[in-house]
Peer 1: 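Right, I'll just put the structure down here and ask away after.
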Number of protein chains: 2
Amino acid sequence: MKKFYSQFDFQSELLFEALTSEEKKLVYDTMEPLIIKKGSLLFYEEGIPTGIFQIKKGKAKKFKRGFSGTEQIFYIYTTGDVLGYHALFGEERYQDSCEALEDLEVNFIAKDVFFQLLLDIPALQRTFIKNIGHEFGVLANIIAVLAQKNLNARLAINLLILENRFQKHDNTSGIDLTREDLANIIGTSPESLGRSLKQFKDEGIIEIDKRVIFIKNEDLIFKLLNITGTENTP
Amino acid sequence: MKKFYSQFDFQSELLFEALTSEEKKLVYDTMEPLIIKKGSLLFYEEGIPTGIFQIKKGKAKKFKRGFSGTEQIFYIYTTGDVLGYHALFGEERYQDSCEALEDLEVNFIAKDVFFQLLLDIPALQRTFIKNIGHEFGVLANIIAVLAQKNLNARLAINLLILENRFQKHDNTSGIDLTREDLANIIGTSPESLGRSLKQFKDEGIIEIDKRVIFIKNEDLIFKLLNITGTENTP
DNA sequence: TCAAAAACATAACATTTGTTATGTTTTTAT
DNA sequence: ATAAAAACATAACAAATGTTATGTTTTTGA
């Protein structure tokens, strides 16, 4: 089941992990700490790239506005994730927006500094480009889910993905997102999302406290998805 | 409205266009012509990359199997398009599959030859990576459409996209795909697709000959989508 | 060219999802 | 701490989509 999660995970927390400790020091020394308030944008569609970010603490959503205005969230970044580098590899503008879902502590690497790092550390460019390739596959998988799965299945899949990500990165339990954001991830209205959540609650799959969702029975979810999750659950 | 189309187009037919005629010659001299039979794969998920392709004539579908087996098509390549390079920029395996929809004439550049070209032509690597960035945005837009639009809107958008692409590349009129493939692009069943096509036909938006779909009234489509297509239609 | 296979069109019914509406709970800002 | 605003839960009804079924047309391969 490890494969299940990696199919939907950018793995952008690993970008600096392959480096030697010496190289890592080089990278981390160039970082400037920043505080970004809940609701502020790290970057926005059509904006000019200034550098890359690594999240030290907190969550952020990456989204794009469809041409009729509504927000489509296609990724939630959490602690450790590196982001904002696509635009630097040749693009002029950002292709999407990124907003802090809570007060954020981030490390920033300015554009010029980042390019110097790429020159100083030969393995780095390859690692980043390789990851962009991986992320490409993740988006393709997200497309397959959105196009082929019904609401309950989309919700189930995204609950697994989100719990896994939050647990892995922030070591927190439970999924804490607004109903609107969650609906904008799985492609439905908050009302329909609410109905599915209620079903899951009634079936004992999840519990809800305030707005935080806790997965109570992972096996039931895998069953719902017809995945044999019992042999090798994450 | 040019922007509308480019939001959904990989623009991978332009990759060699920015080169000087001398550089172009260098590239085209390395190409080996191949014939690929309808139904054969140019490459497949998990396969080891061997090189890149440029389509001289014909159509191919790029798809991925969701983990419950069904095929999700996320791009249709046509004449002029270059493909298969993602996997070469750092990935070990292909992330998706590509199948000939009709007998295909392609030009092939072997992996090693391609890497040598990247060294010989400095601008080339940047162009390719820039395009991968652009393609990333295209996938995000596809996600937004699949998540937010109902069936008729998804069909309408994809009819526009496909007609535009076939016209531009192959200079053929009409959209000639199996109902199953078209359904696997827009994320529905062939039966539901048929119902929407019939509606469009009854409203005078399209005409169908055999299985080929012709757009008869583009304005009605833009109206359906609430896009002001009248001022500057493509 | 002809028979078999595949693809297509269409309809009826079932199910899922969207929408509108109302009241409650939680968060935010003063 | 409190009032106002935002977010949430839920239900009833409407609309969209999925599913099953049947007959026709088109394509394929011998």
Side-chain angles (χ1 to χ4, degrees), chain A residues 37-40 61 66 68 70-71 73 99-103 145-158 174-203 206-214 224-225, chain B residues 37-40 61 66 68 70-71 73 99-103 145-158 174-203 206-214 224-225:
Chain A
K37 281 279 171 196
K38 175 175 178 175
S40 309
K61 64 178 170 184
S68 47
T70 33
E71 184 174 289
I73 299 173
E99 181 184 324
L101 291 175
E102 49 201 76
D103 288 357
V145 168
L146 287 170
Q148 297 179 351
K149 299 294 181 180
N150 66 21
L151 180 52
N152 279 359
R154 295 202 304 273
L155 174 58
I157 289 170
N158 279 284
I175 298 160
D176 184 11
L177 293 171
T178 70
R179 292 289 173 268
E180 193 183 358
D181 280 342
L182 189 50
N184 286 341
I185 293 171
I186 68 178
T188 190
S189 63
E191 294 86 351
S192 294
L193 167 61
R195 173 169 41 209
S196 288
L197 284 174
K198 187 163 153 44
Q199 281 175 36
F200 282 18
K201 212 166 44 178
D202 292 348
E203 291 166 18
I206 59 170
E207 275 179 15
I208 296 179
D209 179 26
K210 301 275 166 70
R211 76 173 186 196
V212 186
I213 302 165
F214 298 89
L224 181 89
L225 295 172
Chain B
K37 281 281 172 196
K38 175 174 178 177
S40 310
K61 63 177 171 185
S68 47
T70 34
E71 183 174 291
I73 299 173
E99 181 184 323
L101 292 175
E102 49 202 73
D103 288 356
V145 169
L146 287 169
Q148 296 178 351
K149 299 294 180 179
N150 66 20
L151 180 52
N152 279 359
R154 295 202 303 274
L155 174 58
I157 288 170
N158 279 285
I175 297 160
D176 184 9
L177 293 171
T178 71
R179 292 289 173 268
E180 192 181 359
D181 280 342
L182 190 50
N184 285 341
I185 293 171
I186 68 179
T188 189
S189 63
E191 293 86 351
S192 293
L193 168 61
R195 173 168 42 207
S196 288
L197 284 174
K198 187 164 153 44
Q199 280 175 38
F200 282 18
K201 212 165 45 177
D202 291 347
E203 291 166 19
I206 59 171
E207 274 178 16
I208 296 179
D209 180 25
K210 302 276 166 71
R211 76 174 186 196
V212 186
I213 302 164
F214 298 89
L224 181 88
L225 296 172

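The chains referred to below are lettered A, B, ... by the order of the sequence lines, with proteins before strands, and numbering in each begins at 1. Fair warning: this is a prediction, and the values are worked out from it, not measured in the lab. Note that these values count all heavy atoms, side chains included, but never hydrogens, waters or copies made by symmetry.
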Peer 1: At under 4.0 Å, does any side-chain N or O of Arg195(B) touch on OP1 or OP2 of dA9(C)?
Peer 2: no

Peer 1: Please confirm whether the backbone N or O of Glu71(A) pairs with a side-chain atom of Gln148(B), one donor and one acceptor, at under 3.5 Å?
Peer 2: yes

Peer 1: Rounded to whole Å, how long is the line connecting atom CD1 of Ile208(B) with atom C1' of dC8(C)?
Peer 2: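 Atom-to-atom, Ile208(B) to dC8(C), this comes out as 10 Å.
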
Peer 1: Tell me whether the side-chain N/O atoms of Lys201(B) come closer than 4.0 Å to OP1 or OP2 in dC8(C).
Peer 2: no

Peer 1: What's the CG-C1' distance between Leu197(B) and dC8(C), to the nearest Å?
Peer 2: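 That distance rounds to 11 Å.
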
Peer 1: Round to a whole Å and report the spacing from CG of Leu177(B) to P of dA7(C).
Peer 2: 13 Å

Peer 1: In Å, rounded to the nearest 0.5 Å, how long is the span from CD of Glu203(B) to CG of Asn152(B)?
Peer 2: 7.5 Å

Peer 1: Just the rounded figure in Å: distance from P of dA7(C) to CG of Leu101(B).
Peer 2: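 Those two atoms, CG and P, are 12 Å apart.
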
Peer 1: Can you tell me the distance, in whole Å, between the CD atom of Glu191(B) and the P atom of dT24(D)?
Peer 2: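 In whole Å, dT24(D) P and Glu191(B) CD are 18 Å from each other.
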
Peer 1: Verify the contact: side-chain N or O of Arg211(B) to OP1 or OP2 of dC8(C), cut-off strictly under 4.0 Å; return yes or no.
Peer 2: yes

Peer 1: Rounded to whole Å, how long is the line connecting atom NZ of Lys198(B) with atom C1' of dA11(C)?
Peer 2: 10 Å

Peer 1: In whole angstroms, how far is the P atom of dA15(D) from the CD atom of Gln199(B)?
Peer 2: 14 Å

Peer 1: Which part of the nucleic acid does Thr178(A) contact within heavy-atom distance under 4.0 Å: base, sugar-phosphate only, or nothing?
Peer 2: sugar-phosphate

Peer 1: Might you confirm whether atom CD of Glu207(A) has over 12 heavy atoms from other residues, nucleotides or ligands at distances under 6.0 Å?
Peer 2: no

Peer 1: Just the rounded figure in Å: distance from C1' of dA11(C) to CG of Asp202(B).
Peer 2: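 Interatomic distance, CG of Asp202(B) to C1' of dA11(C): 14 Å.
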
Peer 1: Does Thr188(B) place a side-chain N or O at less than 4.0 Å from the phosphate oxygens OP1/OP2 of dG18(D)?
Peer 2: yes

Peer 1: Taking the nucleotide of DNA chain C with the closest heavy atom to each, which residue, Asn150(A) or Lys210(A), is nearer the 5' end?
Peer 2: Asn150(A)

Peer 1: DNA chain D: Lys38(B) or Arg154(B), which has the more 5' nearest nucleotide?
Peer 2: Arg154(B)

Peer 1: To the nearest 10 degrees, what angle separates the axes at the start and end of the helix from dT1(C)-dA30(D) to dT30(C)-dA1(D), five pairs each?
Peer 2: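 Axis-to-axis angle, ends of the helix: 70°.
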
Peer 1: Tell me if the CD atom of Glu180(A) is crowded by more than 12 foreign heavy atoms within 6.0 Å.
Peer 2: no

Peer 1: Please determine if Lys37(B) and Asp103(B) form a salt bridge, counting it only when a charged side-chain N lies under 4.0 Å from a carboxylate O.
Peer 2: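 Counted as a salt bridge, because a side-chain N and a carboxylate O are separated by less than 4.0 Å.
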
Peer 1: Please report the closest heavy-atom contact between Ile185(B) and Leu146(B), naming both atoms and the distance.
Peer 2: O-CD2, 4.2 Å

Peer 1: Looking only at non-hydrogen atoms, find the nearest pair between Ala183(A) and Pro190(A) and report the distance.
Peer 2: CB-N, 3.8 Å

